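Worksheet: one structure, shown below.
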Amino acid sequence: MSESPLVRKYEESGALIAGGTSGVGLASALGLAAAGVPRLVLVGRDAERGDGARRAVLDQYPDVEVTFVSADATDESAVDRAVSAAHDRLGSVDICISSTTTAYKPELLHRTPAASMSAILTGQALPPMLFTRAVLPLMQDQGGGSIINIASDAAKVPTPGESVLGAAMAAIVMFTRVVAVEAKRNGIRVNAVTPSLIEGTRTADNVLRDGFSRSLFEKAAGQAHLGVAVPDDLASLIVFLAGPGAARLTGQTVSVNGGISAF
């Protein structure tokens with residue numbers, strides 16, 4: 001056990017952001033750059049979107065070193081290669097954020113094809129597990145780091161239409177808590193952030209398009225008396241969890257939902 005866990009300042013850190021090409025991931029990249037993080041690696045599937053995200057960061061923070069790495073976040077070998085490339089580029093992976101998502105619309109279980117359940121579970125739950133597993137030895141060797149996994153309030157609140165999604169999100173939350181207990185002896189902090197509806201994202205556009213999911217989330221938005229969250233709201237919390245101000249904070253699951261629920 002390290003007597004003095006490594007907690008780097010933002011200015012000394014390198015960050016890997018899986019799902020960093022849009023939504024909360026991109027907002028987090030911009031937030032980290034604003035906080036002074038000098039080196040970022042954005043991971044995503046789409047090279048065109050990745051290049052756009054990279055330019056978006058550089059347009060605001062031209063002195064930040066930003067690299068895009070293409071990878072399928074559900075593929076173990078691809079994730080290992082992406083993390084290795086990020087480590088080579090950054091020198092150290094001090095911050096790892098998993099903000100991946102899939103094109104998913106809530107639906108009642110009896111209307112959900114059984115054949116799609118495995119894909120929902122794998123697409124949602126597996127990426128943060130794979131990235132956490134891949135960065136953990138690197139952070140153990142250096143004596144510290146911060147891992148932040150994005151799940152959703154479906155992990156905590158039984159919501160009609162989100163039975164399979166909720167199971168996947170609950171898996172992320174429990175996985176994060178267990179890894180936090182295992183990794184604390186090496187100075188590694190592991191936390192989860194659980195939003196509900198996030199305005200201005202592709203996922204929100206998808207679920208609000210029509211049908212059952214639109215009714216479900218319009219009702220939820222009406223309960224957000226503090227306002228429906230936007231990517232920057234999540235990014236502010238993620239940047240805090242990534243930095244030295246959260247040096248004693250691990251194993252936590254924090255909701256950012258404008259008051260939709262209180263769990």
Side-chain angles (χ1 to χ4, degrees), residues 13-33 37 39-54 56-57 64-90 92-104 119-139 145-152 155 168-169 171-173 175-176 179-180 183 188-195 198 201-203 231 234-235 237-239 241-242:
S13 298
L16 182 163
I17 306 168
T21 61
S22 64
V24 172
L26 178 55
S28 298
L30 291 165
L32 290 170
V37 175
R39 299 177 302 282
L40 304 172
V41 170
L42 312 180
V43 180
R45 289 177 184 261
D46 190 294
E48 184 176 350
R49 189 178 294 126
D51 184 61
R54 180 177 174 276
V57 176
V64 174
E65 183 181 309
V66 190
T67 304
F68 170 72
V69 175
S70 179
D72 177 353
T74 64
D75 184 298
E76 175 188 346
S77 297
V79 169
D80 285 344
R81 288 193 296 271
V83 169
S84 178
H87 187 255
D88 289 344
R89 189 70 178 178
L90 299 171
S92 64
V93 179
D94 306 293
I95 300 163
C96 178
I97 299 165
S98 290
S99 182
T100 59
T101 188
T102 60
Y104 170 81
I120 294 169
L121 288 169
T122 300
Q124 297 286 351
L126 194 56
M129 295 181 182
L130 290 177
F131 274 97
T132 298
R133 174 62 183 86
V135 301
L136 203 58
L138 302 175
M139 291 184 174
S146 178
I147 298 171
I148 302 134
N149 293 325
I150 315 303
S152 88
M169 295 303 177
I172 295 171
V173 167
F175 171 85
T176 298
V179 177
I188 302 165
R189 295 123 54 206
V190 193
N191 294 288
V193 176
T194 55
I198 311 173
T201 63
R202 287 183 296 150
T203 299
L234 278 295
L237 175 60
I238 290 164
V239 170
L241 292 173

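As the structure is a computational prediction, the values presented were derived from the model and not from experiment.
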Is there side-chain contact between V64 and L32, with heavy atoms separated by less than 4.5 Å? no
Donor-acceptor contact present, side-chain S28 to main-chain V24, <3.5 Å: yes
So which atom in V239 and which in G31 form the shortest heavy-atom distance, rounded to 0.1 Å? CG2-C, 3.6 Å
Below 4.5 Å, heavy atoms only, C-beta onward: do V57 and L26 meet side chain to side chain? yes
Taking all non-hydrogen atoms of both residues, which atom of A71 and which atom of A78 are closest, and how far apart? CB-O, 3.9 Å
Looking at OG1 of T132 and CD1 of I148, how far apart are the two atoms once the value is rounded to the nearest 0.5 Å? 10.5 Å
Which heavy atom of S98 sits nearest to which heavy atom of F131, and what is that distance? OG-CB, 3.5 Å
Is there a side-chain contact between P195 and I150 (heavy atoms, below 4.5 Å)? yes
A151 and T194: which non-hydrogen atoms are nearest, and at how many Å? CB-CG2, 4.0 Å
Distance from M169 atom CE to I172 atom CD1, nearest 0.5 Å? 5.0 Å
Out of curiosity, T67 OG1 to R54 CZ, how far, rounded to the nearest 0.5 Å? 7.0 Å
How long is the straight-line distance from CD1 of I97 back to CG of N191, given to the nearest 0.5 Å? 11.5 Å
Using a 3.5 Å distance criterion without hydrogens, assess whether the side chain of D94 forms a donor-acceptor pair with backbone atoms of G14. yes
Separation of D75 CG from L130 CG (nearest 0.5 Å): 8.5 Å
Are V79 and E76 close enough that some pair of their side-chain heavy atoms sits under 4.5 Å apart? no
Is there a side-chain contact between I147 and M139, using heavy atoms and a 4.5 Å cut-off? yes
How many angstroms lie between atom OG1 of T21 and atom CD of E48, to the nearest 0.5 angstrom? 11.0 Å
Using modelled atom types and a 3.5 Å cut-off, is there a donor and acceptor pairing between side-chain atoms of R39 and backbone atoms of R89? no
Could you go step by step and tell me if E65 and L40 meet the side chain to side chain contact (heavy atoms under 4.5 Å, CB included) rule? CA-CA 6 Å; E65 183 181 309; L40 304 172; over 6 Å; no
Between R45 and S70, the two heavy atoms sitting closest are O-OG, 3.2 Å
For the residue pair P127 and T122, what are the closest heavy atoms and their distance? CD-O, 3.5 Å
